Amino acid sequence: MDFQSCVNIKKEWDIVGARQLGRDIAKKIGFGTVDQARIATAISELARNIYLYAGSGKVCFEAIDDMNHKGLSIIAIDEGPGIEELSQVMEDGFSTSGGLGAGLPGVKRLMDEFDIVSEQGKGTEIKVVKWLR
Amino acid sequence: MRIPILKLHNYLLISIQIDLDDQTAIQFQEDLLNKIHASGATGVVIDLTSVDIIDSFIAKVLGDVVTMSDLMGAKVVLTGIQPAVAMTLIDLGIHLQDVPTALDLEQGLIKLRQELEE
Ligand SMILES: Nc1ncnc2c1ncn2[C@@H]1O[C@H](COP(=O)(O)OP(=O)(O)OP(=O)(O)O)[C@@H](O)[C@H]1O
Ligand SMILES: [Mg+2]
């Protein structure tokens, strides 16, 4: 555990703020340009989902620096309505908003680890990790 | 924030130089369609050399811009997509299959001329 910083997601512009901070942190950890783009894109998807479906929430970053493991862990947390059909939303093309429905399945492919906990009426917490290779 | 749209003969040229937020992307879509209408342009090149992230929302806006411009009679070519951005789009599952692309602005203009002459 190295440092932790969070970006509150309230306005649309915070989506850009979150992915820029995430990219900066990824760069500092040592990720190359392709992984920086993957990480920034994943953050953008998670932050936009918070903004669109939960109204507000936050995205937090944590650099992982164990003995033989370096990486970046990102947690997106909101106290919105939660996700009703968890298995459905992980399928490509499922969207309740007329989007491409590429967001969550895309994030899973962009990152190395993906965990989602969502409870109706309580909110959603998505944790993703990218390992430095 | 607004993205400048330049006119060159029958073409419109756009170089996106900023990190696109959703509002700016939507505004750009509207501005471009209005400009196509007002100028009667037959071709559009959107250069993405400086864009280092395209997420699902921006991809949708760009795809829609191509389709809408096509409906209005203007061909759009996207140029300069960075390697990292191309790889990220594939991970996202976005293929932009029907969207004409070219390596850079110059190739984009050549491609437009070819397509419009056919
Ligand atoms: N934080 C969240 N809170 C509540 N519902 C959510 C949340 N994130 C996603 N969802 C639900 O999951 C669905 C799928 O999300 P996903 O990001 O995969 O696609 P999308 O946002 O609809 O479209 P895209 O991301 O491609 O623009 C959404 O349509 C929404 O109903
Ligand atoms: Mg989404």
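Here is the naming used below: chain letters follow the sequence lines, and residue numbers restart at 1 for every chain. Computed from heavy atoms alone, side chains included, the values below leave out hydrogens, waters and symmetry copies. Since this is a predicted model, take the numbers as computed values, not measurements.
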Asks: Can you confirm whether more than 12 heavy atoms, excluding those of A:Glu113, are under 6.0 Å from its CD atom?
Replies: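 Yes, CD of A:Glu113 has more than 12 neighbouring heavy atoms, counting only those of other groups under 6.0 Å.
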
Asks: To the nearest 0.5 Å, what is the distance between CG (A:Leu52) and CZ (B:Phe57)?
Replies: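 Output value for this atom pair is 8.0 Å.
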
Asks: Does B:Pro83 reach the side chain of A:Val34, with side-chain heavy atoms less than 4.5 Å apart?
Replies: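 They are not in side-chain contact.
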
Asks: Run the side-chain contact (heavy atoms from CB on, under 4.5 Å) check on B:Asp52 and A:Arg23 step by step: do they pass?
Replies: CA-CA 10 Å; B:Asp52 49 23; A:Arg23 182 190 281 269; 3.6 Å; yes

Asks: When you group the ILVMFWY residues by side-chain heavy-atom contacts below 4.5 Å and let the links chain together, are B:Ile26 and B:Ile46 in the same group?
Replies: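 Yes; tracing contacts between hydrophobic side chains, which count when under 4.5 Å, links both residues.
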
Asks: Does a side-chain heavy-atom distance below 4.5 Å link A:Arg109 with B:Leu92?
Replies: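 Answer no - side chains too far apart.
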
Asks: I'd like to know if A:Phe61 and A:Ile77 are part of one continuous hydrophobic network [Ile/Leu/Val/Met/Phe/Trp/Tyr, side-chain heavy atoms within less than 4.5 Å].
Replies: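 A:Ile77 and A:Phe61: separate clusters.
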
Asks: Donor-acceptor pair, B:Gln23 side chain versus A:Glu12 backbone, under 3.5 Å?
Replies: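 No; zero donor-acceptor contacts below 3.5 Å.
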
Asks: Should we say atom NZ of B:Lys7 is surrounded by more than 12 heavy atoms from elsewhere, each under 6.0 Å from it?
Replies: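 Above 12, so yes.
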
Asks: Which one of B:Ile54, B:Ile58, B:Asp55 satisfies the side chain to side chain contact (heavy atoms under 4.5 Å, CB included) criterion with A:Thr41?
Replies: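 Checked B:Ile54, B:Ile58, B:Asp55 against A:Thr41; only one passes side chain to side chain contact (heavy atoms under 4.5 Å, CB included): B:Asp55.
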
Asks: Can you tell me how far the CG atom of A:Leu104 sits from the OG atom of B:Ser56, to the nearest 0.5 Å?
Replies: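 Those atoms lie 9.5 Å apart.
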
Asks: Side chain, backbone, both or neither: which part of A:Arg38 has a heavy atom under 4.5 Å from chain B?
Replies: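 Contact with chain B: backbone and side chain both.
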
Asks: If we define contacts as heavy-atom pairs under 4.5 Å, which of B:Ala86, B:Gly93, B:Ala84 has the most with chain A?
Replies: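 The candidate making the most pairs under 4.5 Å is B:Ala84.
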
Asks: Honestly curious: do B:Met72 and B:Leu32 fall in one hydrophobic cluster under the side-chain, below-4.5 Å linking rule?
Replies: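 B:Met72 and B:Leu32: one cluster.
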
Asks: Given the rule that I, L, V, M, F, W and Y join up when any side-chain heavy atoms are under 4.5 Å apart, are B:Leu96 and B:Val65 in one cluster?
Replies: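 Shared cluster, yes.
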
Asks: Using the rule that Ile, Leu, Val, Met, Phe, Trp and Tyr join whenever any side-chain heavy atoms are under 4.5 Å apart, tell me whether B:Leu112 and B:Val99 fall into a single cluster.
Replies: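 Per the 4.5 Å side-chain linkage, B:Leu112 and B:Val99 are not co-clustered.
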
Asks: To the nearest 0.5 Å, how far apart are CD1 in A:Ile39 and CD1 in B:Ile53?
Replies: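 The CD1 atom of B:Ile53 is 11.0 Å from CD1 of A:Ile39, to the nearest 0.5 Å.
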
Asks: Which atoms of A:Gln20 are under 4.5 Å from chain B, going by heavy atoms: the side chain, the backbone, both sets, or neither?
Replies: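 Interface part for A:Gln20: side chain.
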
Asks: Do other residues, nucleotides or ligands put more than 12 heavy atoms under 6.0 Å from B:Glu106 CD?
Replies: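 No - once you tally the heavy atoms of other residues, nucleotides and ligands closer than 6.0 Å, there are 12 at most.
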
Asks: Going by heavy atoms in the side chains, are B:Asp22 and A:Ile15 under 4.5 Å from each other?
Replies: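 Yes; the side chains approach each other to less than 4.5 Å.
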
